[in-house]
Amino acid sequence: MIRYLCAVFCVVQVLLAIGHAKRKEDSDQEMAHYRDRIKAMFYHAYNNYLENAFPYDELRPLTCDGQDTWGSFSLTLIDALDTLLILGNHTEFQRVASLLQNTIDFDIDVNASVFETNIRVVGGLLSAHLLSKRAGMEVETGWPCSGPLLRMAEEAARKLLPAFQTPTGMPYGTVNLLMGVSPSETSVTCTAGVGTFILEFATLSRLTGDPVFENVARRALLSLWKTRSDIGLVGNHIDVITSKWVAQDAGIGAGVDSYFEYLVKGSIMLQDEELLSMFLEYNKSIKNYTKFDDWYLWVQMHKGTVSMPVFQSLEAFWPGLQSLLGDLDSAMRTFHNYYSVWRQFGGLPEFYSIPQGYTVDKREGYPLRPELIESAMYLYRATGDPAVLQLGRDAVESIEKVSRVSCGFASVKDVRDHKLDNRMESFFLAETVKYLYLLFDPDNFLHNGGLDFETGTGPQSDCVLGAGGYVYNTEAHPLDPAALHCCSQAHGERRELQDILLNLSESLHPPPATQPEESTGDAPTNFPESIAIKPGSRRKVPLLSCPMQPFSSRLSILGQVFSDST
């Protein structure tokens, strides 16, 4: 009898093992199937842009032509560049990177959005620069601390700096790339337009050694922080000259969203406790005043009374942000609320009335936004929940069925009847397709846990890059925190050498007995420091320092934001 039971047990175990292997094989085949379909989606849109719209910013898929929308930068090409590499197309990445170096000119008489130029152009070029070696490009000596794409990103960012020359340090919304801020420019801009620079601008400062970019981004963040209400909320639009709130609706959606995103991601990328503390304070107020049954409503920023009981499609990034902090239970509940709206319409309308359970008048469109897919990518990486993966399948099927036309993919003008609009925004290739592909590609290099890496060729040639822990800007352009540390260390060593020489010089030539008072300005005390330190004194070691690598992707998946100080 015992022998019989043992035999039965062994047979059951073998059958279970075979079943598990079969399910894994089926799962792998399904994932590969969707990766192939998503690649086909990308190339249908990308090739039609090249054939019908380049060098314009965007493709108009219903009329098979192009239009400039954000500054005449061939924006879709810049935005799609890192997606090419993520899909494995090294040769096209190399071709486009070279093409952009020869064709893009930022000395043009164009009024450009400071916010959009930063997240799409500066962010896209920085990401492509940091990925260029992986794409097989021959990098110059000094990379990642130098390179042609980095210089292009710096040139674009310098065109934005005049916008920050305000009494508050908060930037104007628009700047003329040739002449600076127009005298007639409005001083009112949205909250996200003030607080969405620290990732790109700190990256520029750490890579190039020029502190101006990080300084202006931090000043804008601190100015915005000081304007929060007594109950800890910020409004939707602010006057950058007077710091007075013009629109006092507080929420997590349009006009505000990426401000909160950058506090969290900035804290991760820069190992900055202050940014994280800011977000956690906001998060308490957001939970207290705007959260209702795992939905987030809009409230009056001073009173906390509900002003708009709506869900906006841009809010769908929030579950992904929660997952970065390890708040997975709340993230999953909110994600499923938002997913229920997707299932209702086959896409997310721009505004959705929560009490009525239907679209809001004149806000029925779905411009193929990525935010819910972005959250699905983060949550699937964190939980492996197959229900999250189902959103990816639904998105592929829906976008293919509703939005695919002969010349690309068209935005949905009305989710109720699926009428189309003659526009394909650049974020479709930069974000929507990218996050879809990453959702179904668990072995993509961006998900690297530290087993694969490359070394720098610049001042810190021994630093390890590309080993995981990428931080995505709000346009889904991945940035490698290790590169920042690599170049910051090199620039720091040069500053240390300058200090040594300065100290030697001062010891050989003692200063006069009477010294002017020390400056009491508001310059940042962490990065970068002035080279004029007192003779014999030592630089302060920052409380947090980014590790040289491995910078594990688990840092941004399980909420373990900060590593031990090194």
### Task
Could you tell me whether a side-chain N or O of S229 sits under 3.5 Å from a main-chain N or O of M301, the two making a donor and an acceptor?
yes
### Task
Say whether, by atom type as modelled, one donor and one acceptor occur between the side chain of T203 and the main chain of L484 under 3.5 angstrom.
no
### Message
Looking at D452 and R134, is there a salt bridge between them, counting it only when a charged N and a carboxylate O are closer than 4.0 Å?
### Response
yes
## Note on the structure
side-chain hydrogen bond (donor to acceptor under 3.5 Å, both in side chains) with T474: of E371, E431, E261, only one passes, and it is E261
### Message
With rounding to the nearest 0.5 angstrom, report the CE to CG distance, M377 to L391.
### Response
12.5 Å
### Message
Checking the side chain of D57 only, and the main-chain atoms of G71 only, is there a donor and an acceptor separated by less than 3.5 Å?
### Response
yes
### Query
Quick one: do E154 and R158 make a salt bridge, cutoff under 4.0 Å?
yes
### Query
Can we say E58 and R423 salt-bridge, meaning some charged N sits less than 4.0 Å from an Asp/Glu carboxylate O?
yes
### Query
Under 3.5 Å, is there a donor-acceptor pair between the side chain of T432 and the main chain of L368?
yes
### Message
Would you call the rings of Y472 and Y378 parallel, tilted or perpendicular, taking 30° and 60° as the class edges?
### Response
perpendicular
### Task
Return yes if a side-chain donor-acceptor contact under 3.5 Å exists between N236 and Q248, otherwise no.
no
#### Entry: Under 3.5 Å side-chain donor-acceptor pair for D79 and H477
yes
### Message
If you count heavy atoms of other groups shown closer than 6.0 angstrom to CG of D105, is the number above 12?
### Response
yes
### Query
Short question: side chain of S258, backbone of T196 - any donor-acceptor pair under 3.5 Å?
no
### Task
Determine if the SG-SG distance between C145 and C487 falls under 2.5 Å.
yes
### Task
Give a yes or no on whether the ring-centroid distance for Y282 and Y259 is below 6.0 angstrom.
yes
### Query
Under a 4.0 Å N-O cut-off, is there an ion pair linking D327 with R333?
no
### Message
Regarding R219 and E214, does a basic nitrogen lie under 4.0 Å from an acidic carboxylate oxygen?
### Response
no
### Query
Relative to the ring of F201, is the ring of F213 parallel (under 30°), tilted (30 to 60°) or perpendicular (over 60°)?
perpendicular
### Query
Do R120 and E425 sit within salt-bridge range, that is, some charged N less than 4.0 Å from a carboxylate O?
yes
